[in-house]
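Atoms within a ligand are numbered from 1 in the order they appear, just like the ligands themselves.
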Amino acid sequence: MKALVLMEPGRLVYKEWPLRQPDDNELLIKTEAATICTSDLNDIKYNPFGICTPMVMGHEGAGIVAAIGSKVQGFAIGDRVAAHPVMACGECQSCKRGLFHLCQNMNHLGINREGVFAEYFCVRADRVRKIPSFMDYGTASLMEPVSVCLEGVKRGNVKSGNRVLVIGDGPFGIITCQLLQTFSPVQIILIGRHWFRMKKAKGVYLIHEKECPDVNAQVMELTEGNGVDCAILCAGTSEAVNLAISCLRPRGTLSVFSAVPGMPGIDLFHVHVKELNICGSCNDENQLDQAIEFLSNRNLNLGNLITHRIPFPQWERAFALAEKGKDEALKVTLTFEEEMNL
Ligand SMILES: [Zn+2]
Ligand SMILES: [Zn+2]
């Protein structure tokens, strides 16, 4: 089969790769859509998670069940499915505490297990969900990003009637804004730098960072001087962290969803005097079913966040768009045989 393989940091190659058969508890899935994640772009360049190269990349995938492990129940060949890339061991201390998403011996597609940027991939059956007949594979491939964004919102302790600030207009920021609608906050404010992307978030007050002379003052004015109950960090800079801290109300919560590289200087004085809560958020605590529910919700229209569907062999164009197309692209999906003919 053809696959996109990270040979070493900075070198992604489209090449022939052996097709593997599923283990007892796995499914072999014929890929129909595989979506590029911001973390793929970072992994390819810097490999922060220590991917064991050579490795087939990609972790946001959907397709058709092509083969079934001997111990798997509940799936049939031909089922249309979405896959979640994280597979917990079930035995380590984190797993025993019920925190499977923080497993200490985690298997992860595209990191230490062959990923979804390939014509076929294997994944443990308990990490797979069937998708409704009306859902296209591209939309289904968003199950994992929607799951993790949902976790970011939950870690932010968002409640109905809250004012919520989202910083960052990348795919995670926009998905987060859409998911927030279902938590019925009174106000959602998005701070970003690209109108094209920001306008994808509906029902949200938009602040363009470069065009607003004083972003903090603007947020304070919008919240009648109170600040926001929750800030969700979907941008990885220390400036964004400190902006969030300055915009939070006393005892507000910051959900650190984005990876902030280095050791950023943080305004701990205001964390102290406002008694703020700061929570990390990275993987999701099994939000697969809810993610499928949200992806099926026609009002949220999350599939609409896919701006480009590009045939797999043209992967270079897809990656260039995902990386540089901030004024024309949001989620970029690689499509395969069946999806291409839609
Ligand atoms: Zn992802
Ligand atoms: Zn574990």
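A distance of 6.0 Å or more separates the ring centres of F336 and F117.
No donor-acceptor pair under 3.5 Å is formed between the side chain of K30 and the backbone N or O of G78.
A 4.5 Å side-chain heavy-atom check between N216 and C247 finds at least one atom pair inside the cut-off.
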Practice prompt. Any chance you could lay out the salt bridge (Lys or Arg N to Asp or Glu O under 4.0 Å) test for E224 and R163, step after step, and finish with the verdict?
Written response: CA-CA 11 Å; E224 288 137 18; R163 296 178 156 118; 3.2 Å; yes

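The number of heavy-atom neighbours closer than 6.0 Å to CZ of F269, taken from other residues, nucleotides and ligands shown, is 12 or below.
A salt bridge between D169 and R193 is absent, with no side-chain N of the basic residue lying under 4.0 Å from a carboxylate O of the acidic one.
If you put the vertex on the Zn ion (ligand 1), OE2 of E60 and SG of C37 sit 90° apart, to the nearest 10°.
With waters left out, the protein N, O or S atoms under 2.8 Å from the Zn ion (ligand 2) add up to 4.
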